[in-house]
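Residue numbering restarts at 1 for every chain, and letters A, B, ... go by the order of the sequence lines.
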Protein chains: 2
Amino acid sequence: MDNKIKRLKEKGVVLTIQRMAVLEVLNNSSNHPTVEKIHKKLLRKYPTLSLATVYNTLQVLRQAGEIQELNIGREKRFDPSIDPHHHFYCRGCERIIDLEISCPIAQKGSIDGHKIESVQAIFFGTCADCLKKGKDNA
Amino acid sequence: MDNKIKRLKEKGVVLTIQRMAVLEVLNNSSNHPTVEKIHKKLLRKYPTLSLATVYNTLQVLRQAGEIQELNIGREKRFDPSIDPHHHFYCRGCERIIDLEISCPIAQKGSIDGHKIESVQAIFFGTCADCLKKGKDNA
DNA sequence: ATTCCTGATTATAATTTTTATTAGGTTAAA
DNA sequence: TTTAACCTAATAAAAATTATAATCAGGAAT
């Protein structure tokens, strides 16, 4: 968290109360929240904080490379971790689980002459918990 | 194409004119079109075909496992190929390029006890063409 | 301290994307 | 041919995101 703030300052990002608050909520969450979820949580502490600010802030943070934006399902989701890792989406409980793996192809830096900057892999399936509960409707 | 139709019939999917038309457009496209693009193209031949039908059909085809739905950017995009392959999204020209690779982890069928059914990997970066043109604003 | 400037925030409107509804039409089976 | 099931079109509604304009906050210069 402190490192992120330091890097943001170095990049010339103005660190307002609102931006710090968004960053904090994201850092303390492990469930890849949607914009709506982040906003709802913040409203408890900052009742006037607008949804637009959350959108703006998330964009600023992403452009600064301090958070990740995930395209899973209809809504965008956000991940405070920028370490190379991937995600498992369970069709049963709809959870998004972090996977501590990194893509061997991405590490090469390029493929077919295209320069790779990042990768986002989503594994779809049924998680261990749902398998146990027999929610595997295959 | 013929195989797809055969499999759809076997699965009990009613093959209407509209559904065939959507499937055909998708099969003849290599640029991973959005719902809007598919609809626009179809309107030329079928002026009354509604957007809702395109949405419905794409959902039917996806649930039947005959097409792939891609979450890249804001709009959903569709891919007629269900063979294991992945995608490269160029930040320069915004093209989506097919990558003829398959994920070694997905082939194992499971990870951390979670059952894998499919994977969707998106590599972000700058494509070979844009690199040449110096569009690599890194 | 006051004014000015820049950029952030708020509130709201507008747009875009997706899903739901409903009435009418088609299709396929009995 | 009649019935039941399902599909389509048109429309409305909902959900998600972006744009706009007014306001506000913090520094820099006066």
If you assign A:T48 and B:V35 each to the DNA chain C nucleotide with the nearest heavy atom, which residue ends up on the more 5' nucleotide?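 Result: A:T48.
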Report yes if at least one side-chain N or O of [X] is closer than 4.0 Å to OP1 or OP2 of [N]; otherwise report no.
X	N	answer
A:Q18	C:dT10	yes
A:S50	C:dT9	no
B:R74	D:dT17	no
A:T16	C:dT9	yes
B:T53	D:dA9	yes
A:Y55	D:dT17	yes
B:R19	D:dT8	yes

Would you call A:E69 and A:K76 a salt bridge, taking side-chain N to carboxylate O under 4.0 Å as the test? yes
Take the protein atom [atom1] of [X] and the nucleotide atom [atom2] of [N], then report the distance between them rounded to whole Å.
X	N	atom1	atom2	answer
A:L51	D:dA15	CG	P	14 Å
B:L61	D:dC7	CG	P	12 Å
B:K76	D:dA15	NZ	C1'	12 Å
B:Q59	C:dT19	CD	C1'	9 Å
A:E36	D:dA14	CD	P	15 Å
B:K40	C:dT17	NZ	P	10 Å
B:M20	C:dT26	CE	P	18 Å
B:Q63	C:dT19	CD	P	11 Å

5'-most contact on DNA chain D: B:G12 or B:A52, nearest heavy atom basis?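 Its nucleotide being nearer the 5' end, the pick is B:G12.
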Both B:N56 and A:E75 contact DNA chain D. Which one's nearest nucleotide lies toward the 5' end? B:N56
If you look at every strand shown and take non-hydrogen atoms under 4.0 Å, does B:T34 touch a base, only sugar-phosphate, or nothing?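 Since no nucleic acid heavy atom lies under 4.0 Å of B:T34, the category is nothing.
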Among B:L42, B:L43, B:T48, which one satisfies side-chain contact (heavy atoms from CB on, under 4.5 Å) with B:Y46? B:L42
Is it true that A:Q18 and A:T57 share a donor-acceptor pair across their side chains at a distance under 3.5 Å? no
On the 0 to 90° scale, with breaks at 30° and 60°, tag the B:F88-A:H114 ring pair as parallel, tilted or perpendicular. tilted
Side chain to side chain, B:L70 and A:N71, heavy atoms closer than 4.5 Å: no
